[in-house]
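Each chain gets a letter, A, B and so on, in the order its sequence line appears, and its residues count up from 1.
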There are 2 protein chains.
Amino acid sequence: MKNRMLTVHHLARSQSERIVWLCEELGLPYELKCYARTPATGLAPPELANLHPMRNAPVITDGELVMAESGAIVDYITTLYGNGRLRVAPDHPDFAQFVYWFHFANGSLQNHVGRTMVISRAKVPLDNPVSVGVRGRMRRALDLVETRLGTVQYLAGPVLTAADIMSVFTLTTMRLSVPIDLAPYPNIRAYLARIGTRESYRRAMRKAEPGLEPLLT
Amino acid sequence: MKNRMLTVHHLARSQSERIVWLCEELGLPYELKCYARTPATGLAPPELANLHPMRNAPVITDGELVMAESGAIVDYITTLYGNGRLRVAPDHPDFAQFVYWFHFANGSLQNHVGRTMVISRAKVPLDNPVSVGVRGRMRRALDLVETRLGTVQYLAGPVLTAADIMSVFTLTTMRLSVPIDLAPYPNIRAYLARIGTRESYRRAMRKAEPGLEPLLT
């Protein structure tokens, strides 16, 4: 760790829970700073927003570095501080699956769930063709996760990786903002139950969301 | 290349132009298959959609592997076939910048421009608070790119990397779907002009979008 300590800035009920879980999973020393959302707007409070021009969480600091963007932070921390853990090496047979699901997390799953949230908040009618398309792509992404989890325990294969660290928030806490019925997805529910048995995940959620029971079912 | 040839499936005016440019930039042997959008829906035609469950471009095949998700494909190809080119090594001072901008491309820039496209297509009024928020985040992402390009020639530093390969589509071709006025962004315009002088980019665009003049200004 080059004699310095990571600081993780976490906004309640946001993607930054990924980074808290990551640090717990890797057993890294880190300082956690938690922020409540501004009640009137639901946005990050100024003391968090002012840390980075995108004005959102997650943000980490590592020495002089200030870094945002959850995918970047997970890539950065696992590469520099993970000793290969939570990643799949390029010469491993599961490398392509790891890379796919790692990028799918933000590129498709979070993206389509997020668009559904926006369309829903803007009260676009359910039968509007744009709404139909957006929700259809979200279901397609969930269907693909469901199919994948019918053949493997974790997204990249038999062991937990950064692809799971990136994906679980969208399937759990984000459902507070975009209600998604997981009843049609037994493999996803079994996967979340598996995640929920991990002490590192439970410890991360207790620290990051002390008042929140994780939405694992 | 392990005695096999990449096939790149490209949908007109889509993110898959990134993969064509990547292959040209790396000088890789690849077979390019181009598809027009279905006129009635604007979506991928069945022969492309049926290649992968997400039913969209890009898709590559590499031997038995079928892979979607542009970020994953760029990560996969640069890692396995790039010999370090277009990436920044973990021990390089620009590593954090590379990782940040590589993930920012889909996680923030494409994400916020895409949400603006959805809100606009759904005809959500400009003064709707959701619309104001979505467009504000898009401008914040563009502002950040503009600021960055005031200090460096390319997003990760002095040389072109996969972070640029991921970002340029959103700043050029995607403006056919989401008109963005680049007049307030002189650094972005100078950057796109630099990109436009690269023979590999020009060759890629001639192959991928033969009827389209790249939106570089």
| ring-ring contact (aromatic ring centres under 6.0 Å, His included) between Phe102(A) and His103(B), intermediate numbers included | CA-CA 11 Å; Phe102(A) 182 57; His103(B) 287 276; 5.7 Å; yes
Residues 154-162 of chain A side chain polar contacts: donor-acceptor under 3.5 Å, at least two apart:
residue, atom, partner, partner atom, Å
Thr161(A), OG1, Ala163(A), N, 3.1

Measure distances from [X] to the heavy atoms of chain A and classify the residue's part below 4.5 Å as side chain, backbone, both or neither.
| X | result |
| --- | --- |
| Ala105(B) | neither |
| Met117(B) | side chain |
| Ser108(B) | both |

| query | What residue in Ala72(A), Gly133(A), Gly107(A), Ser70(A) has the most heavy-atom pairs under 4.5 Å with chain B? | reply |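 Option with the greatest count: Ala72(A).
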| Of the listed residues (Ile73(A), Thr79(A), Asn111(A)), which shares the most heavy-atom pairs with chain B below a 4.5 Å separation? |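 Between Ile73(A), Thr79(A), Asn111(A), the count favours Thr79(A).
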What residues of [range] make heavy-atom contacts with chain A at a cutoff under 4.5 angstrom?
| range | result |
| --- | --- |
| residues 37-61 of chain B | Leu43(B), His52(B), Pro53(B), Met54(B), Arg55(B) |
| residues 121-132 of chain B | Arg121(B), Ala122(B), Val124(B), Asn128(B), Val130(B) |
| residues 94-101 of chain B | Phe95(B), Ala96(B), Val99(B), Tyr100(B) |

| message | Less than 4.5 Å to any heavy atom of chain B: does that hold for the side chain of Ala141(A), its backbone, both, or neither? | response |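 Backbone plus side chain of Ala141(A), per the 4.5 Å heavy-atom cut-off to chain B.
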| Side-chain touch Val118(B)/Val118(A), heavy atoms, less than 4.5 angstrom |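 Answer no - side chains too far apart.
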